[in-house]
There are 2 protein chains.
Amino acid sequence: MDNKTVLIVDDEAAIRDMLRVALEMANFRCIEAKNAYEAQVSIVDDLPDLVLLDWMMPEVSGIELLRRWRRNPDTKKIPVIMLTAKAEEESLVKGLDAGADDYISKPFSPRELVARIKTIFRRVASEISDSPISIDEMIMDPSARSVTITGKPVSLGPTEYRLLEFFLMHQNRAFTREQLLNNVWGNNVYIDERTIDVHIRRLRKALEPFGYENYVQTVRGFGYRMAVPE
Amino acid sequence: MDNKTVLIVDDEAAIRDMLRVALEMANFRCIEAKNAYEAQVSIVDDLPDLVLLDWMMPEVSGIELLRRWRRNPDTKKIPVIMLTAKAEEESLVKGLDAGADDYISKPFSPRELVARIKTIFRRVASEISDSPISIDEMIMDPSARSVTITGKPVSLGPTEYRLLEFFLMHQNRAFTREQLLNNVWGNNVYIDERTIDVHIRRLRKALEPFGYENYVQTVRGFGYRMAVPE
DNA sequence: AGCTAATGTGACGTTCACGTGACACTATCT
DNA sequence: AGATAGTGTCACGTGAACGTCACATTAGCT
């Protein structure tokens with residue numbers, strides 16, 4: 001990955017080292033910060049392209065840092081991946097709501113880490129450039145507002161289109177119904193969350209004839225996710 | 001210079017102001033963008049006739065933007081003039097390689113700037129605007145302001161003609177009514193967006209007798225698109 | 001296996017976006 | 001000046017899209 005800088009924020013040197021090795025293998029440039037203060041300095045001075053942020057830190061917690069960054073226009077758009085221990089799963093929700101783009105739980109697989117980082121970079125790039133997004137044989141071309149599979153057009157209503165667009169921009173990440181409501185419908189919406197199920201159904205139905213059957217997955221007790229192979 | 005729109009991309013407000021003054025003196029219409037994001041939005045929404053692009057910008061650099069534009073058919077042909085500081089002369093080569101049409105170094109002479117812009121417009125005008133566009137059996141000859149299908153002339157009002165011309169220049173791209181208003185009618189227009197529907201209707205009606213029935217497509221909840229087979 | 005909560009699914013009434021023709025007003029031409 | 005073509009707005013009709021509900025099905029538990 002050319003020219004991308006990743007800021008690693010974690011108080012344990014061992015973890016930082018592991019992350020740095022994995023990232024440098026994948027050709028990312030790394031900066032490290034061992035506490036909130038260093039992180040704050042680095043994010044304004046170095047403007048990294050992405051931040052790996054440990055959740056549990058002494059003094060100032062990760063979520064506090066994250067909130068602060070999201071409030072500042074200069075750092076608002078920098079993607080943040082949270083590092084959490086298995087046991088902290090409940091704080092995940094808070095983290096995602098605070099604006100984290102993804103999370104990795106420790107212990108992590110280096111390969112997975114790099115894959116997720118790349119996904120996020122792809123997403124960020126495509127948010128700006130509205131270049132076509134493709135998975136397998138499906139191509140979504142935002143500028144044409146069209147979706148095709150093996151060249152054949154997929155018929156989607158406006159809502160299904162936006163839903164699919166959102167899923168494609170955040171592949172392999174699960175969303176609660178509330179999050180979907182906020183991001184696909186718009187923030188001031190008063191509809192029944194179960195309505196989402198129906199639109200999920202309609203989206204699945206539209207993709208089904210093309211053999212895209214297990215892409216929109218339900219995450220029981222949580223929400224939905226768009227899974228894409230490897 | 002009548003009707004030409006110039007997009008100014010620079011993060012410094014002072015520079016933008018100077019450029020705007022110079023350009024408006026010469027009767028260009030100006031749009032401004034203070035970062036890569038705004039520039040990207042503007043170039044797809046407003047489709048300016050020319051871009052003045054600052055080289056040194058935080059986040060996404062000018063060269064990155066330029067490369068992206070050159071890859072997209074819709075923006076590929078929009079001429080770009082780079083703004084560079086004296087000290088950055090070496091990056092000139094890269095910029096010209098990436099597809100910049102010209103460059104101006106800061107501090108610039110307003111007179112020189114306008115002169116170069118006019119030169120580029122003259123060149124582009126002779127290169128592009130007169131060459132006939134054809135899809136299937138339809139031929140639009142801009143220099144003659146005529147459209148024929150299998151040799152037979154198509155009767156179009158001025159507005160329908162401009163609408164068709166715009167669609168032909170951006171095939172397979174969907175536009176909102178607002179975008180059509182900005183690009184076909186002109187930017188300072190106060191008419192009802194639904195009026196566009198009527199003109200779409202008139203355009204369709206004019207093409208229909210020739211068997212061109214599904215070319216002007218409606219994109220529900222969004223706008224319209226001119227689709228051309230493969 | 002049986003139970004329960006969560007999700008899948010088809011149907012239905014309503015709303016809303018778009019298509020379409022008519023009409024009045026304006027600009028342009030003879 | 002009168003005629004004609006072009007344009008913007010409106011009113012009405014139609015079909016698509018949406019949200020909700022009722023009921024079927026499934027997953028995950030004990």
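Just so you know, these numbers come straight off a predicted model, no measurement behind them. Each chain gets a letter, A, B and so on, in the order its sequence line appears, and its residues count up from 1.
Checking C:dA17, D:dT9, C:dG8 against the side-chain heavy atoms of A:Tyr224 singles out C:dG8 as nearest. For B:Arg194, taking side-chain heavy atoms from C-beta onward, the closest of the listed nucleotides C:dG8, C:dC18, D:dT7 is C:dC18. In the set D:dT7, D:dT20, C:dG8, the nucleotide with an atom closest to the side chain of B:Thr159 is D:dT7. Of the candidate nucleotides D:dT9, D:dG28, D:dT7, D:dG28 has the atom nearest to the side chain of A:Arg220.
Atom P of nucleotide D:dA22 and atom CG of A:Asp192 are separated by 12 Å, given to the nearest angstrom. Across the protein-nucleic acid pair, B:Leu203 atom CG and D:dG6 atom C1' stand 15 Å apart, rounded to whole Å. The distance between atom CD of A:Glu208 and atom C1' of C:dT9, rounded to the nearest whole Å, is 12 Å. Counting to the nearest Å, the P atom of C:dT7 and the CG atom of A:Leu180 are 12 Å from each other. Atom pair B:Phe222:CZ and C:dC18:C1' shows a separation of 16 Å (rounding to whole Å applied). At whole-Å resolution of the value, CG in B:Asp197 and C1' in D:dC10 are 13 Å apart.
Residue A:Thr218 places none of its side-chain N or O atoms closer than 4.0 Å to OP1 or OP2 of C:dT7. Residue B:Arg177 has a polar side-chain atom (N or O) positioned under 4.0 Å from OP1 or OP2 of C:dC18. For A:Trp185, a side-chain nitrogen or oxygen approaches OP1 or OP2 of D:dG19 to under 4.0 Å.
Between the side chain of A:Arg225 and the backbone N or O of A:Arg173 there is no donor-acceptor pair closer than 3.5 Å. Not a single donor-acceptor pair under 3.5 Å links the side chain of A:Asp136 to the backbone N or O of A:Met138. A:Arg204 places a side-chain N or O within 3.5 Å of a backbone atom of A:Val216 that can act as its donor or acceptor partner.
Across all strands shown, A:Arg202 has heavy atoms under 4.0 Å from base atoms, whether or not it also approaches the sugar-phosphate. Note on A:Glu193: nothing from the nucleic acid sits closer than 4.0 angstrom, heavy atoms only.
Aromatic pair B:Phe166/B:Phe175: ring centres closer than 6.0 Å.
Summary of the strand contacts: B:Leu156 and B:Ile191 both lie near DNA chain D, and taking for each the nucleotide with the nearest heavy atom, the more 5' one is attributed to B:Leu156. Comparing A:Arg162 and B:Arg162 by the nucleotide of DNA chain D that holds the closest heavy atom to each, the one mapping nearer the 5' end is B:Arg162.
In summary, B:Arg16 and B:Glu32 engage in a salt bridge, as defined by a charged side-chain N under 4.0 Å from a carboxylate O.
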